[in-house]
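Accompanying notes for the structure given below.
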Amino acid sequence: MGTTEIAAVAAQRTRPAATGTTPARTRRRAPAWVWTWAPAVCFAVLYTLLAVRRHQQQQTAGYDLGIFEQTVRAYAHLQAPMVPLKGTGFDELGDHFSPVLVLLAPLYRVFPSPVTLLVAQSVLLALAIVPLAGWALRVRGPVAALVVGGGVGVSWGIVQAADFDFHEIAFAVPLIAYAVCALGERRWRAAALWALPLLLVKEDQGLTVAAVGVFVALRGPRRLGLWLTAAGALGTCAEVLLVLPSFNAHGGFDYWQQITGGGTDTTGGITQAGGDGSLLGLLLHLPWPGVKWATLLLLLAPTAFLALRSPLVLLCAPTLLWRFASGNAHYWGFHYHYSAVLMPIVFGAFVDALDRGGVPPRVLRGGLAFSAAFSLVTLPCFPLWDLTHRGEWTTSAHVRDADRLLQRIPSGTTVGAGNRLAAQLVSRDTVGLVCLDAAQGVTPQWVVVDAKDSKAVAPCSASAAIAALHGYETRGYRVVGSDDGVTLLRR
């Protein structure tokens, strides 16, 4: 074949097909932020709407929004994190080791409101979408990015956290997401740097740091992995055995007894059920009752169970083990905020599975389709769907009556309040839980209790709050307002 013929063949191979379309490699694609930051912003807005409406409807509580607001408020004024809601002289650093909350102090100083915490949490939770959707985009393209980003956004673990007051683990969710993505892309140093700050989020997160270290040691630089494992394990041990007891009024860690099961914890009368305290009893307790299996099923189902093909899913083990070992039944299921830190791990394992060889394209397409369908089908089962209900955007007469009575309490005073109303007052008053105040002989200037308090559970049940209210009346407090079960007393 001569030079002319070779040139003609080459030109024919490189010439676009005469179909009137542009070759795939030259088509203009949407920028990456469309698949990463755009959904993150949308979900941040949705989470904010959900959380703020809950607060406006008085569905938040002193336990836990009020507690964290008192902590951040103290930091904002350069004070130790004393939490009157947990008792006189109670230091939050003796309950959970979460110095990361200091980061919210400047923002709270400018905007001193519980809404500040709720908005910050919403943004942090939504931020986990960015690295996971970005990784999926690089691995499988826009469709995978959309499925993964949307799946993380509507995932029940994260939505439950957005719906339930404020918690420090909001900081852990994006950190874990970035760390998992770095592990999956073999960026070992970046994974370590993203994981280490988890030690400042909560004492149990050191176990996740150690798990990341083990993964790095087995798959990447062994020395880096071993150092990270040691930092995580020793960090948790130091926080639980040294730091927390040094700030704790009882001189110990308040949650040890929850591992053995049975009894009541020292922080709030949580009923527990578990083993007999022996190692055998603990092992037998781990897989039962059946709600624990339901939690595992719901955890893996959003990924069409493809997450099981990735070793990254093993990073869930530390959190699941301490939760299932606990005698506190709240930890076993899929309510509250406890599973939020697991969602970035399972979706990261999902993306890693999509990137692995040996899986037929038909299976991968089916996995993405199942994941998208699961997200859509389960969406009405969890709180994000509440935004579509008309009742979410109306305020009941009971809440309006309670608000009118709360407005009679001046700013800068001391208040003993029921659990639900406490969250409405913390930003402007020194607030204690009414039943704890009564038990400790505290004499606040004002007392307010709602007999219809839906949040009146341990450590201050509705009956205990009403009994404390009557106790203050017998001590000379007078009724200055009462409406629809809400009673306001003044000393």
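- The backbone N or O of Leu387 sits nowhere less than 3.5 Å from a side-chain atom of Glu392 that would complete a donor-acceptor pair.
- The shortest side-chain heavy-atom distance between Thr71 and Glu168 does not fall under the 4.5 Å cut-off.
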Original post:
After noting the C-alpha distance and the side-chain angles of Phe171 and Leu200, does the key distance pass the side chain to side chain contact (heavy atoms under 4.5 Å, CB included) rule?
Top reply: CA-CA 9 Å; Phe171 284 95; Leu200 304 178; over 6 Å; no

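- The shortest distance between side-chain heavy atoms of Trp135 and Thr36 does not fall below 4.5 Å.
- Looking only at distances, no side-chain donor or acceptor of Trp35 sits under 3.5 Å from a matching main-chain atom of Ala133.
- Relative orientation of the Trp322 and Tyr338 rings is perpendicular, given thresholds of 30° and 60° on the angle between their planes.
- For Val214, the side-chain contact (heavy atoms from CB on, under 4.5 Å) test picks out Leu218, Thr229, with sequence neighbours left out.
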Subject >> Gln121/Tyr47 under side chain to side chain donor-acceptor pair (under 3.5 Å): CA gap, chis, key distance, verdict >> reply: CA-CA 9 Å; Gln121 174 172 261; Tyr47 298 158; over 6 Å; no

**OP:** Show your reasoning for whether side chain to side chain contact (heavy atoms under 4.5 Å, CB included) applies to Leu93 and Leu244.
**Re:** CA-CA 6 Å; Leu93 286 175; Leu244 291 171; 5.6 Å; no

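- Between the Ser326 side chain and the Arg323 main chain, no donor and acceptor come within less than 3.5 Å of each other.
- No side-chain heavy atom of Val351 sits under 4.5 Å from any side-chain heavy atom of Asp355.
- The closest side-chain heavy-atom distance from Leu320 to Leu299 is below 4.5 Å.
- Minimum heavy-atom separation, Trp156 to Leu298: NE1-O, 2.9 Å.
- Separation of atoms CG (Asp64) and OH (Tyr336) is listed at 10.0 Å; rounding is to 0.5 Å.
- Ala128 and Pro131 get closest at one heavy-atom pair: O-CD, 3.4 Å.
- Atom CG of Leu421 is separated from atom OG1 of Thr60 by 10.0 Å, given to the nearest 0.5 angstrom.
- Although no hydrogens or angles enter the test, the distance criterion places no donor-acceptor pair under 3.5 Å between the side chain of Gln160 and the main chain of Ser339.
- Of the possible polar contacts, none joining the Arg428 side chain to the Val426 backbone as a donor-acceptor pair under 3.5 Å is found.
- There is no side-chain donor-acceptor pair under 3.5 Å between Asn248 and Asp95.
- Separating the CD atom in Gln424 from the CG atom in Leu65 is a distance of 8.5 Å, to the nearest 0.5 Å.
- Ring orientation note: the planes of Phe215 and Trp188 are tilted relative to one another, at an angle of 30° to 60°.
- Side-chain contact between Leu117 and Tyr108 is present, with heavy atoms from C-beta onward closer than 4.5 Å.
- The main-chain N or O of Phe164 is found under 3.5 Å from a side-chain atom of His167 such that the two form a donor-acceptor pair.
- For the atom pair Leu132 CG and Ile129 CD1, the distance stands at 9.0 Å (nearest 0.5 Å).
- For Ser371 (side chain) and Ala304 (main-chain N/O), no donor-acceptor pair under 3.5 Å exists by modelled atom type.
- No donor-acceptor distance shorter than 3.5 angstrom exists from the side chain of Arg309 to the backbone of Arg356, with no hydrogens or angles considered.
- Side-chain contact check for Glu239 versus Leu199: some heavy-atom pair is nearer than 4.5 Å.
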**OP:** Assess whether side chain to side chain contact (heavy atoms under 4.5 Å, CB included) is satisfied between Tyr178 and Val130, documenting all intermediate values.
**Re:** CA-CA 9 Å; Tyr178 277 99; Val130 176; 3.8 Å; yes

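- Asp403 and Gln58 form a side-chain donor-acceptor contact under 3.5 Å, judged by distance and modelled atom types alone.
- Here the OG1 atom belonging to Thr48 is positioned 8.5 Å from the CG atom belonging to Leu118, to the nearest 0.5 angstrom.
- Within 6.0 Å of CZ in Arg189 there are 12 or fewer heavy atoms belonging to other residues, nucleotides or ligands.
- Taken to the nearest 0.5 Å, the CE atom of Met82 stands 4.5 Å off from the CG atom of Asp91.
- Nearest heavy-atom pair across Ala172 and Gln205 is CB-OE1, 4.2 Å.
- At least one side-chain heavy atom of Cys316 sits less than 4.5 Å from a side-chain heavy atom of Val346.
- A donor-acceptor pair shorter than 3.5 Å can be found between the side chains of Gln56 and Arg53.
- When all heavy atoms are compared, the tightest approach of His55 to Pro114 is NE2-CG, 3.3 Å.
- Heavy-atom minimum distance, Trp385 versus Leu379: CB-O, 3.4 Å.
- Pro197 is not listed as a side-chain neighbour of Val100, based on a closest heavy-atom distance of 4.5 Å or more.
- Trp293 places a side-chain N or O within 3.5 Å of a backbone atom of Pro287 that can act as its donor or acceptor partner.
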Hey, can you pull the donor-acceptor pairs under 3.5 Å for the side chains in residues 137-150, sequence neighbours left out?
from   : atom 1 : to     : atom 2 : distance (Å)
Arg138 : NE     : Glu185 : OE2    : 2.9
Arg138 : NH1    : Gly134 : O      : 3.3
Arg138 : NH2    : Glu185 : OE1    : 3.3
Arg138 : NH2    : Glu185 : OE2    : 2.8
Arg140 : NE     : Leu354 : O      : 2.8
Arg140 : NH2    : Leu354 : O      : 2.8

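- Smallest separation of non-hydrogen atoms from Ser310 and Asp352: OG-OD2, 2.6 Å.
- Using the six-membered ring where Trp is involved, Phe374 and Phe370 have ring planes that are parallel, under 30° apart on the 30 and 60° scheme.
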**OP:** Decide yes or no on side chain to side chain contact (heavy atoms under 4.5 Å, CB included) for Arg73 and Ser427, but give the supporting numbers first.
**Re:** CA-CA 8 Å; Arg73 183 183 182 186; Ser427 62; 6.0 Å; no

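- Two rings, from Tyr255 and His96, have their centers less than 6.0 Å apart.
- One N or O on the side chain of Asn419 and one on the backbone of Gly62 form a donor-acceptor pair closer than 3.5 Å.
- By the neighbour-count criterion of 12 heavy atoms within 6.0 Å, atom CH2 of Trp393 is densely surrounded, having more than that number from other residues, nucleotides or ligands.
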